[in-house]
Asks: 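Submitted below is the structure of interest, expressed as structure tokens.
Worth saying up front: this structure is predicted, and the values here are computed from it rather than measured. Residues: numbered from 1 along the sequence shown.
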Amino acid sequence: MKRIILMVLRNLIFVPFWWFRACYMAKHAEAYSQEERWAFLQKVTRHANKGGRVTIASYQTENIPKEEPFIFFPNHQGLYDVLALIESCPRFFSVVNKKEVSRIPLLKQVFGIMGAYEIDRDDIRQSLGVINRMAEDVKNGKNFLIFAEGTRSRQGNRPGTFKGGSFKSAYKAKCPIVPVALMNAFIPFDKNTVEKVTVKVIYLEPIPYESYKDMKTIEIAAEVKRRIEAAIAAHESAE
């Protein structure tokens with residue numbers, strides 16, 4: 001909470017305009033192109049990060065597919081995760097988030113602008129419906145992000161268990177899976193501090209459909225987690 005307040009105070013002159021525009025854009029997202037929505041989100045995020053003493057360090061952005069639609073599968077550290085990727089990713093993507101998070105002010109507007117889907121983890125039928133709609137959107141050229149852990153790990157830079165169910169969306173879309181390793185993304189919004197922090201976003205090599213089509217979803221989940229853990233370990237050892 002302290003950092004959010006700092007972000008607002010240090011951008012106070014812009015906040016009223018950004019807030020009203022974000023609310024309007026979230027309700028009328030179809031009236032704006034993906035490029036317009038992404039430019040707005042990246043601009044606001046960059047200013048917020050600077051005001052909140054957050055630096056985004058991006059690595060291996062060349063692994064982001066340049067034309068083919070894809071699905072990001074990052075480790076889930078905190079409420080800040082999606083904002084870290086917004087600043088660092090040059091391509092528009094949407095999100096599948098749990099319904100509880102979509103009620104939080106600011107995140108609600110961001111997810112609305114992104115055209116995100118809410119998922120109810122207690123409703124299997126609703127969850128499957130979201131996965132199916134997401135897969136169809138990816139087939140039609142839209143990029144997505146989904147957290148395979150389902151919830152924040154609350155273990156710092158240690159990922160939690162990756163569940164196989166979320167990978168059904170990639171199966172159905174037959175798209176590349178892009179693992180993303182997040183480091184220190186739990187600090188900005190989940191820690192009660194305003195100390196300077198560098199959040200690392202590491203884009204790992206995509207896994208093409210041909211490489212995972214014969215694997216079980218739990219096997220894909222284990223492999224994605226393994227790659228993310230290896231990337232985090234490599235960066236920790238280099239620090």
Asks: May I ask you to say whether Lys139 pairs ionically with Glu136, meaning some side-chain N is under 4.0 Å from a carboxylate O?
Replies: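 The answer is yes: the pair qualifies as a salt bridge.
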Asks: Going from CZ on Arg227 to CD1 on Ile177, what distance comes out if it is rounded to the nearest 0.5 angstrom?
Replies: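 The CD1 atom of Ile177 is 9.0 Å from CZ of Arg227, to the nearest 0.5 Å.
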Asks: Can you find a heavy atom in the side chain of Phe144 that is under 4.5 Å from one in the side chain of Phe72?
Replies: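 Phe144 vs Phe72: side chains apart.
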Asks: Please report whether the ring centroid of Phe73 lies less than 6.0 Å from that of Phe162.
Replies: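 That pair fails the under 6.0 Å test.
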Asks: Glu219 side chain to Lys216 main-chain N or O, any donor-acceptor pair under 3.5 Å?
Replies: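 Flag set: sc Glu219 to bb Lys216 pair under 3.5 Å.
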Asks: Answer yes or no: does atom CD of Glu205 have more than 12 heavy-atom neighbours from other residues, nucleotides or ligands under 6.0 Å?
Replies: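 No, not enclosed.
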Asks: Is it the case that more than 12 heavy atoms not belonging to Lys172 sit under 6.0 Å from its NZ atom?
Replies: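 Atom NZ in Lys172 is not packed in, count stays at 12 or less.
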Asks: Would a distance-only check, ignoring hydrogens and angles, find a side-chain to backbone donor-acceptor pair under 3.5 Å from Arg37 to Ile113?
Replies: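 Looks like yes, one N/O pair under 3.5 Å.
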Asks: For residues Ser94 and Gly115, report the shortest heavy-atom separation together with the two atoms involved.
Replies: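 Where Ser94 meets Gly115 most closely, the heavy atoms are OG-O, 3.0 Å.
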Asks: Hey, does Ile71 have a side-chain heavy atom less than 4.5 Å from the side chain of Val138?
Replies: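 Yes. Closest side-chain heavy atoms under 4.5 Å.
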Asks: Please name all residues satisfying side chain to side chain contact (heavy atoms under 4.5 Å, CB included) with Thr151, sequence neighbours left out, ordered by chain then number.
Replies: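 With neighbours one apart ignored, the set is Lys98, Arg121.
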Asks: Check Pro176 against Pro69 and note the closest heavy-atom contact, atom names and distance.
Replies: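 Answer, listing the atom of Pro176 first, then Pro69: CD-O, 3.2 Å.
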Asks: Is there a path of hydrophobic side-chain contacts, each under 4.5 Å between heavy atoms of I, L, V, M, F, W or Y residues, that connects Phe40 with Trp19?
Replies: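 No, Phe40 and Trp19 fall in different hydrophobic clusters.
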Asks: Tyr212 side chain to Ala170 main-chain N or O, any donor-acceptor pair under 3.5 Å?
Replies: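 Yes.
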Asks: Of the non-hydrogen atoms in Phe92 and Met114, which two are nearest, and what is the gap between them?
Replies: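 Nearest pair, atom of Phe92 first, then Met114: CZ-O, 3.6 Å.
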Asks: Between Val54 and Met7, is any pair of side-chain heavy atoms under 4.5 Å apart?
Replies: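 Answer yes - side chains close enough.
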Asks: Given salt bridge (Lys or Arg N to Asp or Glu O under 4.0 Å), test Glu229 with Arg226 step by step and report yes or no.
Replies: CA-CA 5 Å; Glu229 288 178 326; Arg226 183 194 68 77; over 6 Å; no
Asks: Mind checking the OG-NZ spacing from Ser166 to Lys168? Nearest 0.5 Å is all I need.
Replies: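 So the gap between those two atoms works out to 10.0 Å.
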Asks: Side chains of Ile146 and Val95: closer than 4.5 Å at any heavy-atom pair?
Replies: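 The answer is no; the side chains never approach within 4.5 Å.
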Asks: Report the distance from atom NZ of Lys27 to atom CD of Gln109, rounding to the nearest 0.5 Å.
Replies: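 The CD atom of Gln109 is 9.0 Å from NZ of Lys27, to the nearest 0.5 Å.
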Asks: Write down the atom of Ala57, the atom of Thr198, and the distance for their closest heavy-atom approach.
Replies: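 Shortest heavy-atom separation between Ala57 and Thr198 comes out as CB-CG2, 3.9 Å.
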Asks: Under 3.5 Å, is there a donor-acceptor pair between the side chain of Arg3 and the main chain of Thr193?
Replies: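 Yes: the side chain of Arg3 pairs with the backbone of Thr193.
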Asks: In terms of hydrophobic clusters joined by side-chain contacts under 4.5 Å, are Met183 and Tyr59 together?
Replies: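 Same cluster: Met183 reaches Tyr59 through Ile, Leu, Val, Met, Phe, Trp or Tyr contacts under 4.5 Å.
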Asks: Is a donor on one side and an acceptor on the other found under 3.5 Å between the side chain of Glu149 and the backbone of Thr161?
Replies: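 Answer holds: no.
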Asks: I want to check something: taking the side chain as every heavy atom from C-beta on, are Val130 and Val96 in contact at a cut-off of under 4.5 Å?
Replies: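 In contact.
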Asks: Could you please spell out the steps behind the side-chain contact (heavy atoms from CB on, under 4.5 Å) verdict for Phe20 and Val15?
Replies: CA-CA 9 Å; Phe20 286 112; Val15 167; over 6 Å; no
Asks: Identify the heavy atoms of Ser169 and Ala135 that sit nearest to each other, and give their distance.
Replies: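 Here Ser169 and Ala135 meet closest at O-CB, 3.7 Å.
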Asks: Hey, is NZ on Lys191 packed in by over 12 heavy atoms from elsewhere, all under 6.0 Å?
Replies: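 Not more than 12 within 6.0 Å, no.
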Asks: Is there a donor-acceptor contact under 3.5 Å from the side chain of Lys225 to the main chain of Ile220?
Replies: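 Checked: no pair found.
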Asks: Report whether Tyr209 and Ile207 are members of the same hydrophobic cluster (ILVMFWY, side-chain heavy atoms less than 4.5 Å apart, transitive linking).
Replies: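 Yes, Tyr209 and Ile207 fall within the same hydrophobic cluster.
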Asks: With a 6.0 Å cut-off (strictly less than), is the heavy-atom count around CD of Glu67, excluding the residue itself, greater than 12?
Replies: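 No, not enclosed.
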Asks: Is there a path of hydrophobic side-chain contacts, each under 4.5 Å between heavy atoms of I, L, V, M, F, W or Y residues, that connects Phe17 with Val110?
Replies: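 Cluster IDs for Phe17 and Val110 match.
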Asks: Does one side chain, of Tyr117 or Asn97, offer a donor that lies under 3.5 Å from an acceptor on the other?
Replies: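 There is no such pair (donor and acceptor under 3.5 Å, judged by atom type) between the side chains of Tyr117 and Asn97.
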Asks: When hydrophobic residues are tied together by side-chain contacts of less than 4.5 Å, even through go-betweens, does Leu6 share a cluster with Phe14?
Replies: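 Cluster IDs for Leu6 and Phe14 differ.
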Asks: Do Asn11 side-chain atoms and His47 backbone N/O form a donor-acceptor pair below 3.5 Å?
Replies: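 Yes; at least one donor-acceptor contact below 3.5 Å.
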Asks: Search all heavy atoms of Gln155 against all heavy atoms of Pro159 and return the closest pair with its distance.
Replies: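 That would be NE2-O, 3.8 Å.
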Asks: For Leu83, does its backbone N or O pair with a side-chain atom of Thr45 as donor and acceptor, under 3.5 Å?
Replies: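 No, Thr45 side chain to Leu83 backbone: no donor-acceptor pair under 3.5 Å.
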Asks: For the atom pair CG (Asn184) and CD1 (Ile56), what is the distance rounded to the nearest 0.5 Å?
Replies: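 Spacing of CG (Asn184) from CD1 (Ile56) equals 10.0 Å.
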Asks: Measure the shortest side-chain to side-chain distance between Arg53 and Arg10 over non-hydrogen atoms and say whether it is less than 4.5 angstrom.
Replies: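 Result yes, sub-4.5 Å side-chain heavy-atom pair found.
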Asks: Quick one: CD1 on Ile202 to CD on Gln60, what's the gap to the nearest 0.5 Å?
Replies: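 With rounding to 0.5 Å, CD1 (Ile202) is 7.0 Å from CD (Gln60).
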Asks: Give a yes or no answer on whether the side chain of Trp38 reaches the backbone of Ser33 with a donor-acceptor pair at less than 3.5 Å.
Replies: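 Flag not set: sc Trp38 to bb Ser33 has no pair under 3.5 Å.
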Asks: Around atom CG of Leu128, are there more than 12 heavy atoms from other residues, nucleotides or ligands closer than 6.0 Å?
Replies: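 It does: Leu128 CG has more than 12 such atoms within range.
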Asks: CG/Leu106 to CD1/Ile4 distance, rounded to the nearest 0.5 angstrom?
Replies: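 Atom-to-atom, Leu106:CG and Ile4:CD1 are 7.0 Å apart.
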Asks: In sequence, state the C-alpha distance, the side-chain angles, and the governing distance for Arg152 and Phe186, and then conclude on side-chain contact (heavy atoms from CB on, under 4.5 Å).
Replies: CA-CA 9 Å; Arg152 289 168 280 174; Phe186 62 94; over 6 Å; no
Asks: Is there side-chain contact between Asn143 and Val178, with heavy atoms separated by less than 4.5 Å?
Replies: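 They are not in side-chain contact.
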Asks: After noting the C-alpha distance and the side-chain angles of Leu79 and Asp190, does the key distance pass the side-chain contact (heavy atoms from CB on, under 4.5 Å) rule?
Replies: CA-CA 7 Å; Leu79 295 172; Asp190 291 68; 4.0 Å; yes
Asks: Can you check side-chain contact (heavy atoms from CB on, under 4.5 Å) on Leu85 and Leu145, steps first, answer last?
Replies: CA-CA 10 Å; Leu85 272 83; Leu145 177 153; 3.5 Å; yes
Asks: I'd like to know whether OH of Tyr32 has more than 12 heavy-atom contacts from other residues, nucleotides or ligands below 6.0 angstrom.
Replies: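 Counting other residues, nucleotides and ligands, OH of Tyr32 exceeds 12 neighbours.
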Asks: Taking the side chain as every heavy atom from C-beta outward, state whether Val224 and Phe167 have any pair of such atoms under 4.5 Å apart.
Replies: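 Result yes, sub-4.5 Å side-chain heavy-atom pair found.
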Asks: If you look only at pairs with a residue in residues 74-92, which of them pass as a side-chain hydrogen bond (donor to acceptor under 3.5 Å, both in side chains), with sequence neighbours excluded?
Replies: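 For residues 74-92, and leaving out neighbouring residues, the side-chain hydrogen bond (donor to acceptor under 3.5 Å, both in side chains) pairs sorted by first residue read Asn49-Tyr80, Asn49-Glu87, His76-Asp81, Gln77-Asn157, Ser88-Tyr203.
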Asks: Between the side chain of Ser127 and the main-chain N/O of Asp123, is any donor-acceptor distance below 3.5 Å?
Replies: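 Pair found, side chain donor or acceptor close to backbone of Asp123.
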Asks: Salt-bridge test for Arg158 and Glu236: reply yes if a basic N is under 4.0 Å from a carboxylate O, no otherwise.
Replies: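 Counted as a salt bridge, because a side-chain N and a carboxylate O are separated by less than 4.0 Å.
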